Structure formats: C-alpha cells, structure tokens
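Being a predicted model, the structure only gives us computed values, none of them experimental. Labels below follow one simple rule: chain letters A, B, ... track the order of the sequence lines, proteins then strands, and each chain is numbered from 1. The basis for the numbers below is simple: all heavy atoms, side chains too, and nothing from hydrogens, waters or symmetry mates.
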Amino acid sequence: MKRLCWLLFFLAWPILALIISALTPALNWGFPGDGASDSPLGDEIDHLYYLILVLTVIVFIGTQVGLIYVLWTASGRPKDQPVWYSHGNHKLEIIWTVIPGAILLFLAFYQMRVWAEFRIESSFPQQARTNIIAEVTARQFEWRLRYPAPGKKLEKHAQPGDMYSVNDLHVPAGVPVTIYLKSQDVQHSFFLPSLRIKQDAVPGLSIPVWFEAKEPGEYPLVCAELCGWGHYKMGAKLIAHPPEEYEKYMKQLHKDQYDDGFSKNR
Amino acid sequence: MYHSIKEFRVWAALPLCLVCASFCAGCAKVESRFVYDEATDKLLPEASLAVKASLQSTFGTPADPQIPGYFPVDRGGIVAEVEEVSTKDRMQLRIKLETPADENEQTQITAGQLIEFLFDPEDAFDIAADALEVKLPSPFDALSGLKVVSYDSENGLLKFDKPLPEIELIESGLQIVINPNYKLQQGSALYSKHCLHCHGVSGDGNGPTAIYMTPRPRDYRRGVFKFTSTGPQNKVSTADLKHLVIEGIPGTYMASFKMLPDEEVDLLVEYVKYLALRGVTERVIDIEVGIDFAQTVLEDELEDVEDADKRLEIMNEIREELAEFLESDYLEIDLFGMLDLADAWDESVGEGVLQSPSIARTDPDGPSAADPTKTSLENGRLLYLGNTAQCASCHGDAGKGDGFQTRQLQKKPDGSEYDLPGLYDSWSNPLKPRDLTRNIYRGGRRPIDVFRRIYCGIKGTPMPVYGGKGLSDEQIWDIVNYVMAIPFDEQKTEPAK
C-alpha cells in the first residue's frame, strides 16, 4: 500500500504538468491574441515551435513511463534477491545516446533554412534587402526612429532630409521590410511578439532586422531585455499601413517635420 | 548537520519568516508628503507654519490634491448652476447641470461627493474679513466638507448633509462644482507611477532617481519650463507640456510617453501644472512674508545688540508684529498673490500668446530675405559668428558648444560669482550650450521649433530672447537654416549598414 502511494505521488506530477500544458491555450497563457502569428516568417517559426513541443512531449512521456517502471519494479524486489545494476550496460547506453542525438541532429538541419532566413543577411528575402525603411535606435526608455525622406534611400549617417519620430514605427503591410537596430546606451531587445521577431540591440552595433506584417494594423512593439527601471516605458507600436497609405503617411511626416509655423497656417 | 528534525524545522522556518516580514514591510502604506521650499523653512517659525498651513488648505496633499477653481487647471468636477435657493429647507438646492452627466463614473453625481461653491474670490474674502473683524468664525467654514446626500435628476434637487450657512452670495445663478478635483486625483496616481521617481512628489526635480541624471529633472516649482511656444513673458502653454510628454526630450532622460492614452497624458499635464502652481504660490508668499519675517531679518536686527533684555524686547516686538500680520494682512497677500498668478497663467493658456514667424522659412540655398546679396545659409553663418547675435560666444565658432563664455566665471542671480567657470541655469545647475553638430534638438527639430528657441529664448537658461528686438524674423530664419546645416558640414553619404 505504501509502495502504491509513493508511486502515485511521483506519477501525479508529470500528469499534472501535462494537464496544465493542455489547458494553457484556454487560460490564455500561450501565444498572444488568437495564437496565430501576424507574419509569414512567424508561421514558420510557430511550426518549428510546435514540432519541438510535440517531440519534447513524446520524450517527456517516454522518460516518465520509464521512471515509473523502474520505481515500481525496483521497489517490489524481494529483500533476498540481488540488486541489478544498469551502469556500464552498452546496449542501454547506446540507445539513450543515439535517440536524443538523432532528434537533435534532425532539429538542427530542419530549422537551418528558417534560421538563416531570419538572421543571416545574405539569406534575407530579396525584397527585404532592398526595402530598408528606418533606423531604430533604442535608448532608455524609448525607440528613436529615423526614416529617409520620401523617395530617398536610408543612409548610414543622418541626412538633411531625414525624418525623425519616436516609438510609433510605421511600415507598409504585406512586404518584407528591414530596419537597422542600434542602441544608444545599454542592451535593449526589439520584440514584436505577434510577429515572432526578437533581436537584441547592442551598443556599438547596427543590426539589420527584417519582418513582414501580413495585414495592416497595429502590433505591439516592446523591449524584451530588462534595460533599467523604466523598461516598461518602451512599450510602443508597430503600425502597418496599406502601401499607398504608407506613402501618404511618409509625405505627411515630411511635411510636419519641416513645418515652419507659417506656410501651413496660411 | 542538524541534530534533530526539530532543529531543522526551526532553521527552515527562519527564511520563511524573513520573506513574510519583507512582504509586510513592502506592503506598508507609505504616505507621500509634499516638501516645502527652502525659503519657507527660512521664515520665522510661526510664519513658516502659517505658510505651510495655508498651502495645505489650498492645495491639499498628494493623496488628496486640490486647487482653487480660478487657476487655469482642468481639475475635473461636475459644474452646475444654482437655480433656486429654498428659504425653508437649508439642506437642499435646486440646480441645473452645465456639463451633461454621461456614463463616466466620475461625472455621475453620487452620495458622498464633495460640493464646492464657486464664489467670486474677492467678494468671499470681504465677507470673511468682515466676520474676522468682529471676531466671528468665517461663515464659509460651515461649507467645508459639504457632501452630496442625494440628487434627483428629474427635478434637479440636490440634498446635502449639512445646512447652508447664511451667506448672501448663495443665490440663484451661482456656480457650484460637485466632485471637484477628481482629475487631479487621477493625475496624482499616474504621476506617482510614471514621473515621481525623477521629478519627485512635490515636482521639485528631486525624486529618488534624480541624482543619476545630467541634466537634472525639471523642478516645476518655479513655474519655468524651457521649451515653450509662448512669448518671453508668458508661462508654458498646455500644448507645449503635452507635446513634451508625448515626444520626450532627446538628449536628456525625459522619455516619450506616447504609449499612454491621450486622456492619461492630459491628466498628467494638468497635474504638472498643478504642482508648478503650488510651487510658484509658495515662492510668491515666501517672498512677501520674508521681507519682514525671515529669520535673517531677525538676525540682522539682533546683530549689534548685546543686552539680553533688549534682545528679548526686539524678539517679542517682531513676534507681536508677526501675530498681527498673520491675522490680518497675510490672508490678503495669500489670496491676491494667487489671483495674480492665476491671471498670469491664464494668459498662457490661450492661443494668442503662440509665437509664430511673420514670414515663411527662406530656402537655405536661396537668397536671404534679410540680405538678398547673400544666400540664406551664408547670411546665417555671418550672423551666427557676428556681434549682433553673438551665437558663437556660447555655442562656439564651429557649433561645438564651446564658446568663450563657457570658460568665463558667470554671475549668480544675486550678483556674486559662481566658483567654477561655465554657464548655469536658473536652478544653479551647470549648463552646457548645445553642441549644434550633434543633430540632437531637445525642444524639437522642426524649423519652427528651432525658430522659437531663438525667437523666444529658452526660459530659465542664458539663451536670450532675440525675437522682436535683437533680430528680425528674416535674420532668425537665416540663423535657423545655418544651425540646421551645421551637423551636415562634412557630407557623408553611404548606404545604411
């Protein structure tokens, strides 16, 4: 009886873990919103995420079943029987080395394309490489933005016609775009949760980040690296416009940026 | 290790107790309090107490902020007009709402809300003064803490918990405010969350994180704000403050608060104005009272007096004068000081004080409107370096913010010299002239922003006012064009990387 109680005690925890995991979508502990990503790359990242989730669940159940089996059989061993040691058992060692190794190797090759597309500049989609729309400079505690003048390309150094803004990053929807990410002080992290984009901003580096918002709309942009007491203040917005509206917005921004307080009022 | 399970339990309980204790300590309610100006503490003790008491009764506490209705602060409240004063039942009034009640919780009249009567301040003062003269308590005392018991929206009957005193000013047509200052209370909560750690509970720019910052957070209590669109003699406008809260100030620690909903920004701005007005009021009263009743005045009187009896006599004399002053003139100084302030700030709220150029910006490469023989940029450069504007004396010939004035000893407002060379702002913080090569513009980078910095000056700093006297608008545009071109002196073009 005592043996069964202990067994149930150890069995209860993995079962509880599985139940809670199964309930997370209903508790809204999973991905934000409806759970779907708002960018094409995000869909692929989600696919990798779910694949790894399924694999780890299978491994988790397998190892827990093995653990319970060992507990049950070993605790039921009559006192006068000799103990059985598995240490040094070649067959077992090979099994539990090769199986995880194969799984990891599979994952390593399987995700390579998506990872390269996300992080390695030469593998960026062609459109993202030409569509450089802004320089985003993180600083305690805001995102300072620099856009090129309408019709101009973004230059490495500030140009006379550049437009500046703060926190609200405006982009065209439905096309891959690239921003250059910088930091003025400490490490920050550019995080678009619903687009599954996260990239650290590192002082001294200018890091290209590309993403594509599928639909026009507003998406949260937050800092994902605890950067100081005002970390929460870096809550900002990514605003994706239909392409023609984006052009219009940029023209308006240019007009506002070069407002001389006279011409506009007459 | 442990000799018994009992001993183990005792030791294991210790960290648990510590965690619980720290939770309890952390959750203790901290009452935040306004601190008072140094000048208030330098008054004679009785005068200092009186100033503090009147400030508290006028402006309340951080948890319960309030401000008289005549100040141009949107403090919130349901405004109504008295339609009929019943002569029989002094516990009710018939009123007509001026702001239609909507679904908003704060704009619904519910039991327990305070009622404030918007008497003409001068008339009310006269009545209170008359009562004081015959040693009677002020009839307005009976109105303090008056609360709503019920309100019938059908017939407009407002019932309250105390009978109205006999004051002739309570008549039909008088405005009343129900639930006054609720916006300030909301603003206070938001301010504690987002602003207090730098700007301090009292808005003195001395919050817990302030010591780590250069430049120091603004001390609102002087009512002086640097980046304004108003005239040199005007205060800051509400729109200016709102713009700064939303856009932040690049080059300083003031971050953008674009993430806050518009209503919350408005509440914060009104609360900042409230803190500024509270601080300015305190300063004005301190100056008035300090003329006769500062500690230094007493010290001066006693300076050459050796005889102990004589000293006592002088001290008692001043005490008596002070007691008399506090009973009579002080109330007048307090009220009329505040009314003057309200007037001065009221002017800055309107659009009329907005400073705008009289001509459009000239094309930087086109001919200057001030001197058509040169291009605008060229004329701007000459003005920048020249003796009329003397920009280079502070900002340096190359615009690096290293002009010769930064190596001179400067004078304090009281005429003595600072110990270290360099420029200082009105808060006596060391100040560097802006490095114009850095392409960072604290007060905004639109041409109109830079124009206004030159035209209106930067309040509280040595940056002078050029508009209307030193330079013409045409010349200012030339300087704006030149200043905005300084960061691009060495034109660098290469693709972003």
Side-chain angles (χ1 to χ4, degrees), chain A residues 121 129-130 132-135 137 139-146 148 152-168 178-180 182 184-185 205-208 220-222 228-237 254-266, chain B residues 193-195 197-198 207-209 212-213 229 246-260 354-365 437-441 444-452 455 473 477 480-481 484-488 490-497:
Chain A
E121 212 178 345
R129 288 164 74 183
T130 50
I132 300 167
I133 54 145
E135 180 186 85
T137 308
R139 74 175 200 118
Q140 288 173 322
F141 298 98
E142 59 188 6
W143 307 95
R144 287 268 156 204
L145 314 168
R146 177 168 71 91
K152 292 261 174 65
K153 279 200 157 32
L154 186 75
E155 303 262 354
K156 184 176 173 185
H157 301 283
Q159 297 299 309
D162 282 347
M163 303 177 297
Y164 295 80
S165 179
V166 64
N167 283 7
D168 288 354
T178 299
I179 57 139
Y180 276 90
K182 289 181 168 181
Q184 223 176 65
D185 34 47
L205 293 185
S206 176
I207 303 170
L221 159 61
V222 295
W229 48 261
H231 175 53
Y232 79 98
K233 288 180 185 167
M234 295 186 74
K237 270 187 290 193
H254 194 265
K255 222 168 132 191
D256 292 346
Q257 182 85 72
Y258 292 93
D259 176 15
D260 66 358
F262 179 85
S263 315
K264 215 165 91 172
N265 300 333
R266 322 262 142 170
Chain B
K193 194 168 159 190
H194 301 296
C195 322
H197 52 76
C198 293
T209 51
Y212 305 109
M213 287 169 192
S229 58
I246 292 176
E247 297 297 324
I249 307 180
T252 75
Y253 279 93
M254 175 72 188
S256 155
F257 284 87
K258 238 182 201 172
M259 58 159 187
L260 297 182
L354 188 75
Q355 302 293 307
S356 294
S358 59
I359 56 154
R361 180 189 181 193
T362 26
D363 174 20
D365 299 314
T437 64
R438 290 189 61 208
N439 198 21
I440 292 176
Y441 301 90
R445 61 181 314 130
R446 297 172 304 172
I448 178 63
D449 294 325
V450 183
F451 180 92
R452 283 187 182 135
Y455 190 91
D473 286 11
W477 275 130
V480 170
N481 285 336
M484 290 181 71
I486 290 178
F488 309 108
E490 300 163 49
Q491 190 66 294
K492 295 174 196 154
T493 48
E494 60 184 291
K497 176 78 185 78

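Residues B:Lys258 and A:Ser165 come closest through the heavy atom pair NZ-OG, 3.6 Å. Considering every non-hydrogen atom in both B:Lys193 and A:Tyr232, the closest pair reads O-OH, 3.5 Å. A:Asn167 approaches B:Ser256 most closely through the heavy-atom pair ND2-OG, 3.5 Å. What you find for B:Pro357 and A:Phe262 is that their closest heavy atoms are O-CD1, 3.4 Å. Heavy atoms only, all atoms of each residue included: A:Glu142 and B:Glu247 are closest at OE1-O, 4.4 Å.
Taking A:Arg144, A:Gln140, A:Glu135 one by one and counting their heavy-atom pairs under 4.5 Å with chain B, the maximum is reached by A:Arg144. Top candidate by heavy-atom pairs under 4.5 Å with chain A, chosen from B:Gly248, B:Ser229, B:Pro447, is B:Pro447. When each of B:Leu260, B:Ile448, B:Val450 is scored by its heavy-atom pairs under 4.5 Å with chain A, the top score falls to B:Ile448.
Heavy atoms closer than 4.5 Å to chain B are found nowhere in A:Lys153, neither backbone nor side chain. Of the atoms belonging to B:Thr209, it is side-chain heavy atoms, and not backbone ones, that fall under 4.5 Å from chain A. Only the side chain of A:Trp229 has a heavy atom closer than 4.5 Å to any heavy atom of chain B. For B:His194, the parts sitting under 4.5 Å from any heavy atom of chain A are the backbone and the side chain alike. Neither the backbone nor the side chain of A:Thr178 comes within less than 4.5 Å of any heavy atom in chain B. In this structure, chain A has no heavy atom under 4.5 Å from any part of B:Pro364. For chain A, the nearby part of B:Ile246 is the backbone; its heavy atoms alone come within less than 4.5 Å.
Take B:Asp449 and apply the salt bridge (charged side-chain N to carboxylate O under 4.0 Å, His left out) test, not counting sequence neighbours, and it matches B:Arg446. For B:Thr362, the side chain to side chain donor-acceptor pair (under 3.5 Å) test picks out no residue, with sequence neighbours left out.
A distance of 7.0 Å separates CZ of B:Phe488 from CD of A:Gln159, quoted to the nearest 0.5 Å. We find the OH-CE distance between A:Tyr258 and B:Met484 to be 6.0 Å, quoted to the nearest 0.5 Å. Of the inter-residue distances, the one linking A:Tyr164 atom OH with B:Asn439 atom CG reads 4.0 Å to the nearest 0.5 angstrom.
More than 12 heavy atoms of other residues, nucleotides or ligands sit less than 6.0 Å from atom CZ of B:Arg445.
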